[in-house]
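A short write-up of the structure that comes next.
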Protein chains: 2
Amino acid sequence: MERKRLDEQIASKGVRLTAQRRAVIASLQEADVHLDAATLLERARQRNPNIDRATVYRTLELLKKLGLIDELDLMHLEGEKHYFEAKSVRGHFHLACFTCGAIVEYTSSTFEQLKQEITSEHGFEIQVVRLEVGGQCEKCRRLPRDSQLSESGEHTPRAVSQKA
Amino acid sequence: MERKRLDEQIASKGVRLTAQRRAVIASLQEADVHLDAATLLERARQRNPNIDRATVYRTLELLKKLGLIDELDLMHLEGEKHYFEAKSVRGHFHLACFTCGAIVEYTSSTFEQLKQEITSEHGFEIQVVRLEVGGQCEKCRRLPRDSQLSESGEHTPRAVSQKA
DNA sequence: CTTCCTGCAAACCTTTTGCATGCCT
DNA sequence: AGGCATGCAAAAGGTTTGCAGGAAG
């Protein structure tokens with residue numbers, strides 16, 4: 001999923017950043033997956049070891065205020081923490097598999113159409129959309145129960161019970 | 001939005017309930033708006049004064065496990081708490097106005113179509129869908145900034161800043 | 001000189017859990 | 001007896017805030 005360059009976007013708004021915030025933002029930008037605040041802190045510290053939790057949260061707050069990132073729950077698959085990603089050029093949403101923990105990104109013109117409808121038929125000005133789907137992915141549906149879990153380390157099926 | 005009768009659904013599953021749980025469930029069922037756990041506790045206590053927080057959470061957990069309620073974030077308009085509602089017969093989602101705090105329920109055949117697509121094109125078995133839209137409602141868009149806030153007590157615009 | 005940023009620690013809020021007790025079958 | 005439900009209090013987990021010191025304009 002192609003995402004917007006955060007640093008450029010910020011620069012174009014005339015906002016100046018400190019070294020710490022740049023480290024946080026760069027870590028977020030280059031992440032291949034959706035990061036939660038704790039992981040983001042960890043990665044930012046690889047660039048700038050004395051960054052504090054608070055700075056991460058304050059930077060995320062700034063990015064939210066500028067409308068440059070999305071905040072996700074990912075169906076609370078692993079608790080109440082939030083995940084962040086740079087806004088993508090095209091809208092997309094996430095399918096979360098309760099069995100294997102996989103998160104799949106999904107784009108659909110029907111989704112775009114739905115947003116269109118909300119705007120035009122309801123007069124609602126959309127600023128943020130969060131669509132998250134939980135269930136069982138194709139792979140897990142076809143396989144005997146639990147055979148997914150040990151196959152790959154990239155997914156962490158923390159909670160099989162649905163939280164929403 | 002027409003919602004399923006929780007007590008009937010539960011009975012039909014052969015689950016027996018205690019008086020406390022019935023009080024919680026009845027309070028949830030009759031609520032006109034989406035309740036968070038604290039408010040639900042408050043209302044349940046009007047029926048049965050010595051109900052504890054833990055009982056409310058444990059009852060909600062049961063209802064989730066039975067697939068009878070939906071858990072919402074409502075765009076974190078008022079913090080991290082969750083809101084609950086009996087599942088409705090037809091799928092619906094919520095438009096949250098960051099300005100006046102109004103929550104509008106929305107149904108759309110395009111939404112149904114989108115779910116259809118996810119299932120058929122992606123082989124994903126949907127168990128839970130959460131679609132939440134944040135922005136500015138028609139009324140607020142037309143009015144000068146902030147003139148909504150004092151007009152009505154039914155909406156509580158705790159956070160104008162978007163959290164997602 | 002003023003403003004904003006920072007780390008640190010403490011506070012906050014919602015949700016979860018351990019435990020001893022009690023109810024119901 | 002056995003199993004589940006309950007209240008209470010404490011813990012957990014993520015996020016926010018007060019504060020004093022610093023850097024930058």
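What you see is a predicted model, and the numbers here were worked out from it, not measured in a lab. Naming convention: chains lettered A, B, ... in sequence-line order (proteins, then strands); numbering from 1 in each chain.
Around atom CD of B:Glu105, more than 12 heavy atoms belonging to other residues, nucleotides or ligands sit under 6.0 Å away. Few gaps surround CD on B:Glu112; more than 12 heavy atoms of other groups in view lie less than 6.0 Å from it.
Regarding B:Phe84, its CZ atom lies at a distance of 10 Å from the C1' atom of C:dT14, rounded to whole Å. The CG atom of B:Asp52 sits 14 Å away from the P atom of C:dT16 (whole-angstrom rounding). Distance, B:Leu62 CG to D:dA5 C1': 11 Å, rounded to whole Å. Between B:Tyr83 atom OH and C:dT15 atom C1' the separation is 15 Å, expressed in whole Å. B:Leu60 has its CG atom 13 Å from the C1' atom of C:dT14, to the nearest Å. Regarding A:Glu61, its CD atom lies at a distance of 14 Å from the C1' atom of C:dC4, rounded to whole Å.
Side-chain N/O atoms of B:Asp36 and B:Thr39 include a donor and acceptor closer than 3.5 Å.
Closest to the side chain of A:Arg53, out of C:dA9, D:dA10, D:dT6, is C:dA9. Listed candidates were D:dT6, C:dC5, D:dT15. Nearest to the side chain of A:Thr18 is C:dC5. Taking only side-chain atoms of A:Ala54, from C-beta outward, the nucleotide of C:dT6, C:dT15, D:dT17 with the closest atom is D:dT17.
Between the side chain of A:Arg58 and the base of C:dG7 there is at least one donor-acceptor pair of N/O atoms closer than 3.5 Å.
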Which atom pairs link the protein and nucleotides 23-25 of chain C when you take only N or O atoms and keep those under 3.5 Å?
none

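In DNA chain C, the stems built from three or more successive Watson-Crick or G-U pairs (distances below 3.5 Å) are C:1-25 with D:1-25.
Here the rule is side-chain hydrogen bond (donor to acceptor under 3.5 Å, both in side chains) with A:His94, and of A:His34, A:Glu132, A:Arg130 only A:His34 fits it.
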